[in-house]
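The structure appears below as structure tokens.
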Amino acid sequence: MSSTSNKPSEERFTVARTTLILDRLMTGVIKGGGWLVMLAVFAIFAFIFVQILPLFGHPEVKSVGEVAVPVDEVAVMGVDEWGELPFFLTQSGTLHFADLPRDVESRTYQRVDGDVNQLALGPRGLFEVDTKLPEKNWTGFYYDAYKGEIALGSEDGRVALLHLDYKAEFLEDAPRMVVPEVKSELLPALSQSDAPVRQLAFFESTTNRAIGTLQESADGKTIVTLQTYVVKSSLFGAPKMVPDAQIDLGHGITDEKPERLLIGGQGDRILLTTEGGWLYYLRLQKGKLERVQKLRPFADLDDTSIHSINWLLGKQSVILTSKSGANITLASYLDEEAGQILYTKIKDFPALDAGGANDFSPAQRNRGFLISNEHQLSLRYSTTGDVRWETDTDFPLQKIALGPRWDSIFAFDAQQNLHVYAVDDPHPNAGAKAFFGKIWYEGKSEPEYDWQSSSGTSDFEPKLSIVPLFFGSIKGTFYAMLFAMPIAILAAIYVSQYLKPEAKRYIKPAMEIMASLPSVVLGFLAALWLAPLIEDRVPSILLMLIAIPLSAAMLGYFWGRMPQTVRNRIRPGSEWMVILPVVLIVGYLSWQLGPTLESVLFRVYDPDLGVKAGNFRLWWTETTGVSFEQRNSLVVGLMMGFAVIPIIFTISEDALTNVPPYLTSASLALGASRWQTTWRVILPTASPGIFSATIIGFGRAVGETMILLMATGNTPIMEWNIFNGMRTLAANIAVELPEAPQYSTLYRTLFLGAMALFLLTFILNTIAEVTRQHLREKYKTI
Amino acid sequence: MSQTPETTNARADFEPFIQIKDNYNFWYGSTQVLFDMNLDIPEKQVTAFIGPSGCGKSTLLRSINRMNDLIEGIHHTGDITIADQSIYDPSLEVISLRKRIGMVFQKYNPFPKSIYENIVFSLRIAGRNKKSELDEVVERSLRGAALWDEVKDRLHESALSMSGGQMQRLCIARAIANNPEVILMDEPCSALDPIATGKVEELIHELKKDYTIVIVTHNMQQAARVSDRTAFFYLGKLIEYDVTDNIFMKPSNEQTEAYVSGRFG
Amino acid sequence: MNRYFHKELEEIRSKLILIGEKANEAGRLAVEGFIESDLEKTQAAVKMDDEIDDLEVEIDRASVRYITLRSPVSSDVRLIFVAIKASHDLERAGDEAHSIAKKTRTILTRDGKVKNPVEIEKMSALAFAMMRDAITSLLDENLELAQGIIKRDKEVDRINKENYTTLYNEMKGEHGDSSTHVETILISKSIERIADHAKNLAEEVIYLLTGE
Amino acid sequence: MPKSQHSFTSIRPKGEALVWFTGMGLSVGILLIIGLLGIILKNGLSMFWPDTIYEVQLVEGSTAGPRNGQNFAGAIALERHKRLQEATNAGLTSEFQFFAGNKDAYGQMYHYVDADQIVTDATGEPLFTPASGILQLERIEFGDALGFPLEIQLADGTTITEPEALKAALFKTIEESNERLETYTKIEKKQIGRINSKMESIRLEQRALREELGEAAAETSPQIQELNEQQAALQAQYTELAAEARELRERRHQDSLLLRLATGEERRISFENITQAHFPNEMSLPGKVGFFLKQIWRFMSEAPREANTEGGIFPAIFGTFVMTLLMSLAVMPFGVVAAIYLREYATQGVIVRAVRISVNNLAGVPSIVYGVFGLGFFVYVLGGSIDELFFSHKLPTATFGTGGVLWASLTLALMTVPVVIVATEEALSAVPRGMREAALACGASKWQAIQRIVLPASAPGILTGLILAMARGAGEVAPLMLVGVVKLAPSLPLDGEFPFVHLDRKFMHLGFHIYDLAFQSPDSDAAKPMVFATTLLLIVLVIVLNLSAITIRNHLRKKYKGDTF
């Protein structure tokens with residue numbers, strides 16, 4: 001011992017400053033880093049949550065201001081895409097524009113100095129554009145905002161067309177300017193009557209045109225006429241619309257006085273309402289008029305008369321109001337019984353307070369619409385039947401127009417003031433009802449859950465119910481679990497209770513490696529190898545599912561009957577080596593016998609062959625009435641089952657192995673057989689572990705993406721049929737998210753799907769984890 | 001026959017080195033585990049803490065090098081001084097305190113490194129890496145721990161390859177590598193067989209020439225064998241503290257008597 | 001393995017040897033005083049007995065401490081017990097020496113000279129040899145020597161009996177004061193007791209060495 | 001019953017049948033693994049093996065062969081049972097899939113022929129005779145060609161027709177042609193590429209100057225003029241190099257090989273189209289093995305061609321590697337730091353327990369959810385902001401505001417961070433408490449104790465976690481589809497061009513390659529061998545990673561097992 005120990009030098013006890021600084025630094029780094037990582041991980045939840053919040057938000061509509069527009073007798077009002085140049089068409093046929101420049105960046109209007117509520121007109125002020133139509137007294141108007149078409153009917157029975165187009169002009173050193181382009185056409189006087197046109201309907205496509213007029217003759221009779229045009233290509237010049245036929249729509253409607261009419265379809269669907277509140281659905285087929293349907297939309301009201309009727313975007317649905325203000329959507333659908341398109345009420349909106357609508361403006365990018373009467377202005381959404389926004393104005397409303405971008409509302413009051421509102425409602429078609437509720441979509445025969453987010457045309461109605469996706473996830477998981485659970489749990493019992501430890505050393509890691517097989521590999525095998533392989537061999541698979549367990553059980557039974565000397569030949573824990581070849585042989589035999597079974601059990605008339613033959617696919621479709629697809633739930637079940645087997649196996653095996661060994665010893669010492677020990681002692685103790693294994697396997701299967709993406713047809717159907725596919729939440733995200741524009745409703749809806757997956761798996765895993773922890777505590781105490 | 005520790009302590013006829021004073025109290029959360037401790041520990045002697053489980057002897061031992069700081073929610077009143085310096089002095093680095101106080105644990109816990117690296121650990125963390133110095137310290141410490149002859153040929157083998165007794169002595173060698181003033185031993189032999197125990201006890205006897213040793217033990221015979229002074233604790237209180245002969249042969253307290261004679265409980 | 005506290009055991013052992021030496025010495029002084037009619041020697045024997053008594057207490061105390069603190073087992077614990085018993089025997093031997101010295105003193109003060117020393121000298125030589133051998137056997141852990149001592153006790157007993165018979169007959173035939181005779185008989189008896197203690201000691205050594 | 005009282009042996013253990021039944025579960029599981037791996041192994045490796053090419057003779061009037069002809073040469077790709085079309089004979093018949101190559105001539109490379117369409121031998125089995133002297137050409141376009149070589153015509157006018165000389169000339173010409181290809185590729189890719197990027201930066205500078213100075217002023221500024229001069233010099237260099245490359249190209253184009261197809265017609269194939277040739281039916285077994293190994297190497301080292309159905313998958317391997325590496329770089333420090341925090345620094349209580357369970361559960365959250373987050377946050381929010389701040393001159397073309405290898409790595413890092421945290425925590429908690437106490441008692445600071453004792457002791461466990469995370473990351477596809485994986489990346493995320501690491505680039509990935517080949521490929525028959533081979537590679541990669549993790553873990557268990565900590 002050194003002599004220094006007597007008088008310890010203090011130096012060796014001092015701490016280097018660097019050590020202390022480093023320690024403090026690392027404490028800071030680790031604490032900060034730890035929190036950062038925790039936060040980052042949980043920020044996923046927060047971020048996704050923030051992304052979906054706007055879906056459930058309420059629209060924000062703010063009054064921007066007003067401007068005096070001294071134009072008399074406004075018949076039609078509309079607005080351009082940018083909301084800068086509203087037009088006013090008067091009954092005398094003059095077309096006025098109000099220049100309301102809007103800042104490109106902030107999208108705010110110029111204001112009159114010192115007055116927050118007064119908008120300032122731009123340099124062009126209020127100006128008139130020559131329509132080049134003869135001066136007439138126009139009595140009937142039809143305006144299709146989507147196409148910018150206006151049809152006018154005159155007091156003397158003439159019809160004129162106005163085509164209004166807006167263009168943005170970019171000038172040097174100046175803000176972008178919106179410039180109107182107006183084309184007009186006075187149609188030749190073809191009507192039989194020169195009575196004033198009260199009502200007007202118009203349809204035009206590249207190949208034909210249809211104009212419906214409702215005229216009031218001097219004797220008080222109402223004449224409803226449909227004038228059709230077809231395109232004639234002339235040798236010289238552009239193709240030209242020429243009159244084709246004139247049809248009396250009022251024919252046969254004697255007891256009722258026609259009041260309004262609309263033309264839809266390809267110019268061949270006519271909706272005609274009468275003063276008594278009847279709606280006739282007429283169809284023009286090969287020049288012949290057919291009355292398809294007659295219904296009374298407001299039959300349940302005291303006053304059944306129809307106050308207004310207007311097309312919604314896509315011209316599949318009409319919005320009606322009654323005199324009292326009741327507001328409904330009628331939509332066409334294919335009635336399977338009748339075998340044709342019919343109209344029915346699909347939505348019932350809250351009634352307008354003060355009677356029927358006096359103006360209507362459909363949205364140009366979705367199924368929303370703006371509707372008004374004297375003092376009520378209401379923004380509504382047809383798909384969900386939702387009132388987005390509503391206000392009672394303190395001025396009498398005359399005309400209204402909805403900004404084409406669903407971002408502004410223009411209301412023209414009786415004092416000739418134009419009120420402008422800014423609308424902030426990015427997701428009008430979202431909401432709990434849209435995602436989780438049954439909705440009666442246009443063209444469907446009943447309310448349903450449906451997912452169809454997009455299609456080629458812009459007037460398509462998106463269907464955003466995530467219920468079928470949820471169903472798909474559950475369905476896939478269900479079949480996978482059906483296959484995986486028995487195999488995994490049985491294997492876990494065998495491996496933990498009976499298998500020799502030497503073999504276990506290799507078999508357990510092998511099963512674990514199976515868990516790490518990339519799901520894209522399984523998906524690819526499922527789709528390109530398994531699906532075509534078993535497509536024609538379903539009976540073989542069915543046979544296998546029965547024969548393999550049966551043969552194993554029988555093998556065990558007969559083995560148990562053998563004398564002890566025979567039984568001793570196989571050491572306990574090696575049984576699987578005997579079962580393995582048996583399973584292989586039985587599997588092979590089942591595979592080979594499948595077709596024979598098919599030709600005996602599943603005989604059906606085969607239209608290809610013209611005779612009865614064994615054909616499971618046809619048999620299934622014929623017997624159950626549901627379809628059979630190559631990429632079906634059976635394939636998914638087998639392959640995804642394969643993916644979850646190792647998970648369930650590993651966790652169950654752990655739970656079973658960790659049962660304290662003296663419980664087994666005690667049971668065996670009391671003379672119980674090994675199965676009795678397993679059944680009465682081990683399984684009851686470890687069952688929470690097996691339960692949590694199942695839950696975790698379930699969670700994994702629910703979130704599995706690639707297998708389902710590849711091995712199913714990805715059709716969002718809601719059928720339990722094992723021989724067709726599904727679309728799952730996860731696969732849906734993988735398919736649609738790359739195409740979804742940022743912050744669009746679809747984008748956020750897909751985030752909603754992700755959130756649902758997140759929550760579902762998180763909750764499931766938490767349940768499993770808590771169960772496992774309880775089990776661990778239990779093992780500690782017993 | 002006195003019941004209060006102060007009086008028993010009053011017999012102290014030495015210059016105290018470690019002082020537990022001012023009625024030292026100690027709590028884990030809301031549970032008080034030490035009550036009104038006052039105890040003077042002499043320099044270069046072996047002081048044994050005995051008492052039944054849960055009597056607070058380990059807690060007191062771990063208070064001396066503030067090892068209890070690792071546990072959440074502890075607090076204390078009173079003071080502990082080493083050579084008249086308070087261990088709770090805010091200007092004192094706890095690391096520096098621990099450098100002054102070596103500690104040997106109940107379970108031998110050599111680091112999963114070589115024998116050599118185990119011993120020089122305390123030097124390396126202090127940034128002392130000079131080979132000659134390290135070599136010297138290794139030899140001195142191993143000799144001090146009576147281990148040199150057994151392991152001098154395999155200094156660079158893993159410490160985990162040694163026997164249990166050797167590992168514990170390695171831990172002692174590690175504890176004395178930095179030449180501390182005090183060595184705390186928390187039941188150093190409870191995981192050892194009797195032969196290894198004997199060797200460690202022998203070592204303690206040797207070490208007390210250079211170090212002040214405080215040992216916690218469950219084994220009364222061990223306390224009797226190795227210690228110069230013995231303190232008996234019961235339910236967090238110091239019951240009796242005296243030279244070991246007195247504690248074992250004529251304890252002044254009935255509880256001590258009962259405990260040392262095995263008539264306890 | 002030798003433990004550090006084994007030297008405490010060594011101390012006990014050496015004290016035991018010391019007490020043995022002292023007991024022998026005291027006996028020798030007392031007997032020499034008797035034979036040589038030397039009063040001073042008897043005085044020395046008496047004084048030595050006090051030292052022996054102190055030493056016995058010391059041995060006892062050390063033994064108890066050793067048992068209490070060192071929890072000895074096996075040969076150690078036997079040594080301790082032997083030490084306790086042997087120190088007791090030796091102390092008793094010392095006491096006998098004390099007794100011899102006192103009786104001699106009485107005889108000398110009364111008679112001035114020991115007239116009939118009978119076979120005391122021979123007997124004491126035998127007894128002290130036994131005592132010395134017993135101590136040596138303890139010292140050397142010599143089993144054979146210890147076993148031999150036990151047989152030698154018979155000779156001492158026989159001489160004691162002879163002494164008794166001789167003195168008794170003398171006392172019967174010779175009328176007058178027989179106190180000296182009685183005291184001489186008691187001295188002979190004391191020497192015989194010393195031999196007994198030596199024998200006891202030898203037995204204890206045997207126990208120490210064999211455990212039986 | 002009375003009998004059983006006398007004899008122990010006659011007591012039959014109850015439930016033995018059920019024990020066997022549970023054994024069935026294990027057997028099925030094992031068979032599933034073996035079967036699946038076997039299928040991938042067989043199909044994956046067979047792509048590289050030189051198949052024997054047979055001459056196939058079809059029965060009179062059959063139109064099943066290529067060009068509706070009756071004979072052709074091809075390798076048997078598949079033989080399978082098929083539902084018989086005749087109702088009278090219920091059951092199945094065989095169908096062969098032949099690889100006949102010559103897509104340019106036949107329109108498709110694979111042909112299905114029913115067994116009964118093939119001329120049979122005496123025993124009634126379909127007759128296949130190996131086509132002697134048939135040459136298999138691997139081409140850049142139109143896949144493989146199968147045929148009998150007739151003549152080689154070189155650019156200098158020589159023609160070779162003599163069979164032996166032809167053979168030698170064939171291999172020599174291919175070699176030369178490949179060398180030329182290498183030379184002009186170097187010129188075009190490297191030298192011209194360098195010029196192009198310089199010109200691009202000059203152009204950007206010009207643009208910036210014009211914006212700064214105004215259009216009119218810029219034209220006369222000396223800077224612009226200097227730039228213009230540089231531009232002209234580069235242009236001249238470019239013209240020179242381009243001419244050189246063109247010449248080499250031309251030469252390659254002019255060398256050609258005349259081939260007679262088994263269907264009878266003759267076709268001339270330019271050597272610029274040929275990458276490799278072999279005579280499959282003339283190869284010895286060692287030759288075949290050599291060819292097999294060479295093909296595996298080429299598969300792993302070459303870039304894909306023909307919509308990924310030909311060539312190799314090097315970019316996918318490289319992309320997977322870079323992505324996994326970046327992911328590890330991101331996940332390792334954060335995962336370990338978080339675990340150290342949870343285990344060593346945080347106050348152990350209800351909250352930390354809840355956090356721990358949550359972290360554990362995050363490992364079970366579907367990967368696609370992380371992909372969604374990666375797209376929404378990394379790509380759009382972070383990437384969009386970076387673009388606006390640093391790359392606004394390139395807008396609206398997104399640089400970081402679109403999927404790329406960086407975002408993909410970060411997304412996967414986020415996904416695998418729970419795996420690393422859980423594994424690290426486990427490893428940390430396996431380090432005995434005594435170690436920490438001993439270190440502290442030695443006077444170590446808390447960080448020193450962790451750094452010098454705890455971390456080294458838990459390193460293998462942490463490594464295991466990292467390897468598992470890498471295995472998961474390497475095999476994951478779904479989130480990558482959202483954050484930057486592409487079917488064909490024009491350039492690698494790491495190359496010799498400044499700044500060498502291109503974190504914004506899109507990349508290829510083995511897993512996505514499989515998905516793409518299997519589902520997006522125009523010719524699914526041609527893609528199938530590629531998919532299997534790619535799958536095999538991916539599986540080998542993942543299994544090797546997992547096996548090493550398991551090995552390390554077992555080693556660790558052994559180390560800590562039995563000792564008395």
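Chain identifiers are assigned alphabetically (A, B, ...) following the order of the sequence lines, protein sequences preceding nucleic acid strands; residue numbering begins at 1 within each chain. Note that the coordinates shown come from a computational prediction; the quantities given were computed from them, not determined experimentally.
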Which bit of A/Leu499 comes within less than 4.5 Å of chain D, counting heavy atoms only: side chain, backbone, both or neither? side chain

Separation of A/Leu580 CG from D/Leu31 CG (nearest 0.5 Å): 4.5 Å

Okay, A/Gln773 and chain D: the region with an atom under 4.5 Å from a heavy atom over there is side chain

Residue selection (most heavy-atom pairs with chain D, distance under 4.5 Å) from A/Gly556, A/Ala552, A/Ser551: A/Gly556

Measuring from D/Gln448:CD to A/Leu22:CG, what's the distance to the nearest 0.5 Å? 7.5 Å

Going through the checks in order, is the side-chain contact (heavy atoms from CB on, under 4.5 Å) test met by D/Leu538 and A/Val521? CA-CA 8 Å; D/Leu538 180 63; A/Val521 169; 4.0 Å; yes

Checking D/Leu510 against chain A: side chain, backbone, both or neither under 4.5 Å from a heavy atom? neither

What part of D/Val19 gets within 4.5 angstrom of chain A, counting heavy atoms only: side chain, backbone, both, or neither? both

Nearest 0.5 angstrom please: D/Asn546 CG to A/Met514 CE, how far? 13.0 Å

Going by the angle between their ring planes, with limits at 30° and 60°, are D/Phe532 and A/Phe524 parallel, tilted or perpendicular? perpendicular

Do D/Val372 and A/Phe758 come close enough that some side-chain heavy atom pair is under 4.5 Å? no

First locate atom OG1 of A/Thr27, then atom OH of D/Tyr341, and finally report the distance between them rounded to the nearest 0.5 Å. 11.5 Å

Highest number of heavy-atom pairs under 4.5 Å with chain A: which of D/Pro479, D/Ser445, D/Gly371, D/Gly511? D/Ser445

Pick one of side chain, backbone, both or neither for D/Leu468, based on which atoms fall under 4.5 Å of a heavy atom in chain A. neither

Best-contacting candidate, A/Trp679, A/Tyr498, A/Phe558, A/Tyr557, against chain D by heavy atom pairs under 4.5 angstrom: A/Tyr498

A/Phe45 ring center near D/Phe373 ring center (under 6.0 Å): no

Go through the steps to decide whether D/Ile368 and A/Leu729 satisfy the test side-chain contact (heavy atoms from CB on, under 4.5 Å), and finish with yes or no. CA-CA 10 Å; D/Ile368 190 80; A/Leu729 277 170; over 6 Å; no

Audit row: D/Met481, A/Met706, side-chain contact (heavy atoms from CB on, under 4.5 Å) steps and yes/no: CA-CA 10 Å; D/Met481 290 165 70; A/Met706 294 314 288; 3.8 Å; yes

Answer with side chain, backbone, both or neither: which region of A/Pro738 has an atom nearer than 4.5 Å to a non-hydrogen atom of chain D? both

Where does A/Ala503 contact chain D at under 4.5 Å (heavy atoms): side chain, backbone, both or neither? neither

Examine whether an atom of D/Ile33 lies under 4.5 Å from a heavy atom of chain A, and if so say whether it belongs to the side chain, the backbone or both; otherwise answer neither. both

Is it true that, when you exclude D/Phe334 itself, more than 12 heavy atoms of the residues, nucleotides or ligands shown sit nearer than 6.0 Å to its CZ? no

Which residues pass the salt bridge (charged side-chain N to carboxylate O under 4.0 Å, His left out) test with A/Glu575, sequence neighbours left out? A/Arg674

For the candidates D/Val28, D/Leu32, D/Ile340, D/Val483, which exhibits the highest count of non-hydrogen atom pairs separated by less than 4.5 Å from chain A? D/Leu32

Counting only heavy atoms closer than 4.5 Å, note whether A/Val29 contacts chain D via side chain, backbone, both or neither. backbone

Students often mix this up, so state it plainly: with edges at 30° and 60°, are the rings of D/Phe377 and A/Phe47 parallel, tilted or perpendicular? perpendicular

With heavy-atom distances below 4.5 Å as the criterion, would you say the side chains of D/Leu26 and A/Val495 are in contact? yes

With a 4.5 angstrom heavy-atom cut-off, which part of A/Ile44 approaches chain D: side chain, backbone, both or neither? both

Do you know which of A/Leu709, A/Leu20, A/Ile647 has the most heavy-atom pairs with chain D at a distance under 4.5 angstrom? A/Leu709

Non-hydrogen atoms of chain D under 4.5 Å away: do they reach the side chain of A/Leu737, the backbone, both or neither? both

Please state whether the side chain, the backbone, both or neither of D/Ile39 comes within less than 4.5 Å of a heavy atom of chain A. side chain

So which residue, D/Ile40, D/Ile450, D/Leu18, D/Ile357, ends up with the most heavy-atom pairs under 4.5 Å with chain A? D/Leu18

Counting heavy-atom pairs closer than 4.5 Å to chain A, which one of D/Ser358, D/Ala471, D/Gly364 comes out on top? D/Ser358

Shortest non-hydrogen separation from A/Ala553 to D/Ala17 and the atoms involved: O-CB, 3.9 Å

Between D/Tyr380 and A/Tyr743, does the ring centroid distance fall short of 6.0 Å? no

In terms of heavy-atom pairs under 4.5 Å, which option from D/Ala346, D/Ala444, D/Pro366 contacts chain A the most? D/Pro366

So which part of A/Met639 gets closer than 4.5 Å to some heavy atom of chain D, the side chain, the backbone, both or neither? side chain

To the nearest 0.5 Å, what is the distance between CZ (D/Arg356) and CD (A/Glu769)? 11.0 Å

Contact class of A/Ala43 relative to chain D, heavy atoms under 4.5 angstrom: backbone

Look up atom CG in D/Asn361 and atom OG1 in A/Thr766, then write down how far apart they are to the nearest 0.5 Å. 4.0 Å

Measure the shortest side-chain to side-chain distance between D/Thr535 and A/Val520 over non-hydrogen atoms and say whether it is less than 4.5 angstrom. no

Working note: D/Leu362 + A/Phe762, criterion side-chain contact (heavy atoms from CB on, under 4.5 Å); need CA distance, chi angles, decisive distance, verdict. CA-CA 7 Å; D/Leu362 280 173; A/Phe762 199 86; 4.0 Å; yes

Measuring heavy-atom distances to chain D, does A/Leu36 have an atom under 4.5 Å in its side chain, in its backbone, in both, or in neither? side chain

Answer yes or no: is there a side-chain heavy-atom contact under 4.5 Å between A/Leu517 and D/Ile539? yes

A/Ile507 versus chain D, the contacting section by heavy-atom distance below 4.5 Å: side chain

